[in-house]
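Everything below concerns the one structure shown next.
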Amino acid sequence: MKKAKRIAKVPPYLFVQIDKQREAMKARGVDIINLGIGDPDLPTPDHITQALHQAIDNPRSFGYPPYEGTFAFREAVAFWYHKRFLIDLDPNSEVMALIGSKEGIAHLFFALLDPGDIALIPDPAYPVYKTATLLAGGRPHLLPLLEKNGFLPDLKKIPASIARKAKLMFINYPNNPTGATADADFLEEAVAFCRKYDILLCSDLAYSEIAFEGYKPLSVLEIPGAKEVAVEFHSLSKTYNCTGFRLGMAVGNSAAINALSIIKTNVDSGAYMALQMAGVEALTGSQSHLKETNGIYERRRNIVVEGLKKAGFQLQVPKAGFYIWPKVPKGYTSAKFVSELLEKTGVLVVPGSGYGKYGEGYFRISITSPDERLREAVKRVAAL
Ligand code: MLT
């Protein structure tokens, strides 16, 4: 077999490698505390699982779904966006159902990039932005997310010659992996920049509902005129504790949604209708679980932040999302620290370098584990 050259350009998915290491250690009988992947341990709210049970019993849910998503699901997305952000979306042209936001994000690159085209990609970042650029034959131009800039890209540093050639730019706030947030000033700057250079601004809003102390993350579509240049991705995964559902949405600029639909309708046949029916309940039903969920995450954040600070680690306290991004101790690379931590203590975290070269020197902790496990993990880290 001769593999395509594009395969050689991308590594196996970050968590595929991490899972292999974890399984090998588990097989040796090690008590692993998995603070790796951001996979909520809290239950999907009952009213959503009940809606899913009912939908599975509905024979109308078994067939092919409409390619762009059921109208009911797209309407529910528009309803949620209006309720949450006061943004009006046309469910017919500005909303598309996705098999999880990862799928839609990856496919968008194929809709936008011709071979050699430039994509402006943050670093460190969710690995999909860069790998999908490479798989689509594009060229990633990295935007360093530096601590001194609050982990926001410095748009003024992008050379005009690059900006003129770029087709799209990704942003992701609340941010994975750094835990940073963006205010309206930054989003306005990003919209103005993309308008000036005719770039599609792509916002990954997966973590918008996990926030603390009254902070409400913004949608880029709240910026006046943003719809002319922006699309946004959201997912039910983190908001409703259902990563396995694989249900998300792309919203915003209708030309971009249309371009994405050309790719998607040719490569997949949509999300299982029973999930979309449950998704309608999730988006239009009670959101009251969020208060409890965010209280739990805030308490966990405090356990980790206070414990690690006491142990001498340097970190910023995140206002949103469920990731903590401490610096590795002096004398370590990210990979060396993470592998020594796992081997000696059984605590699994993610090396910052797995998110890009500007992630070197950091590691990521996900707080999607119970309090006792987080306390035990902090104790083990401190004792390393
Ligand atoms: C993460 O932990 O970064 C995400 O949950 C992983 C993913 O979505 O693949």
Side-chain angles (χ1 to χ4, degrees), residues 33-52 80-81 83-86 101 151 172-183 204-219 222 234-245 247-248 278-279 281-311 313 315-326 347-350 364-382:
I33 304 182
N34 183 1
L35 312 182
I37 198 158
D39 191 2
D41 59 317
L42 302 169
T44 310
D46 279 349
H47 65 107
I48 302 172
T49 51
Q50 274 161 22
L52 181 58
W80 184 84
Y81 255 87
K83 193 160 171 224
R84 171 67 174 86
F85 300 110
L86 286 179
S101 60
F151 297 111
N172 162 228
Y173 295 97
N175 186 254
N176 172 18
T178 68
T181 51
D183 61 13
D204 178 356
L205 195 64
Y207 299 92
S208 63
E209 303 316 294
I210 314 297
F212 317 122
E213 293 146 6
Y215 173 65
K216 280 266 182 204
L218 302 170
S219 159
E222 287 181 79
H234 189 62
S235 157
L236 274 67
S237 291
K238 321 281 170 167
T239 305
Y240 303 105
N241 307 326
C242 56
T243 49
F245 275 31
L247 191 60
E281 174 59 29
L283 293 165
T284 60
S286 166
Q287 309 292 308
S288 63
H289 71 286
L290 281 172
K291 192 161 182 266
E292 195 191 338
T293 306
N294 283 335
I296 293 170
Y297 284 135
E298 186 176 328
R299 195 176 63 228
R300 292 176 178 181
R301 177 200 67 173
N302 294 344
I303 291 171
V304 174
V305 163
E306 283 158 23
L308 288 186
K309 276 191 170 172
K310 225 159 130 193
F313 284 85
L315 51 88
Q316 308 281 334
V317 185
K319 277 199 295 191
F322 42 55
Y323 301 121
I324 320 262
W325 184 244
V347 175
L348 191 159
V349 296
V350 190
R364 195 194 78 170
I365 293 179
S366 169
I367 53 173
T368 49
S369 287
D371 293 19
E372 322 79 74
R373 295 299 273 168
L374 290 170
R375 274 200 201 94
E376 170 64 22
V378 168
K379 216 163 93 189
R380 293 190 200 176
V381 175

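The pair Asp41-Arg300 meets the salt-bridge criterion, since a charged nitrogen lies less than 4.0 angstrom from a carboxylate oxygen. Between Arg380 and Glu376 there is a salt bridge, since a side-chain N of the basic residue sits under 4.0 Å from a carboxylate O of the acidic one. At a threshold of 4.0 Å, the pair Glu213-Arg301 counts as salt-bridged, since one of the basic side-chain nitrogens sits closer than that to a carboxylate oxygen.
Residues Asn176 and Asp204 have side chains not in contact (no heavy-atom distance under 4.5 Å, counting atoms from C-beta outward). Side-chain contact between Leu218 and Tyr173 is absent, with no heavy atoms from C-beta onward closer than 4.5 Å. Using a 4.5 Å heavy-atom threshold, the side chains of Ser366 and Ile37 count as separate. Side-chain contact check for Leu205 versus Phe85: some heavy-atom pair is nearer than 4.5 Å. At a threshold of 4.5 Å between non-hydrogen side-chain atoms, the residues Leu247 and Cys242 do not count as touching. Here the side chains of Pro174 and Ile210 are not in contact, with every heavy-atom distance at 4.5 Å or above. With a 4.5 Å cut-off on side-chain heavy atoms, Tyr81 and Glu222 do not count as touching. Taking 4.5 Å as the limit, every side-chain heavy atom of Leu236 sits out of range of all side-chain heavy atoms of Trp80.
A donor-acceptor contact shorter than 3.5 Å is absent between the side chain of Tyr215 and the backbone of Lys319. Between the side chain of Glu306 and the backbone N or O of Val304 there is no donor-acceptor pair closer than 3.5 Å. A donor-acceptor pair is defined here as one N or O able to donate and one able to accept, closer than 3.5 Å; no such pair exists between the side chain of Arg364 and the backbone of Val349. Ser101 places no side-chain N or O within 3.5 Å of a backbone atom of His234 that could act as its donor or acceptor partner.
Residues Pro318 and Val305 share a closest heavy-atom pair of CD-CG2, 4.4 Å. Nearest heavy-atom pair, Leu308 versus Pro326, reported as atom, atom and distance to 0.1 Å: CD1-CG, 3.8 Å.
In this structure Glu209 satisfies the salt bridge (charged side-chain N to carboxylate O under 4.0 Å, His left out) test together with Arg84, sequence neighbours excluded. For Tyr323, the ring-ring contact (aromatic ring centres under 6.0 Å, His included) partners are Tyr207, not counting sequence neighbours.
Sequence neighbours left out, the pairs with a member in residues 288-298 that pass side-chain hydrogen bond (donor to acceptor under 3.5 Å, both in side chains) are Ser286-Ser288.
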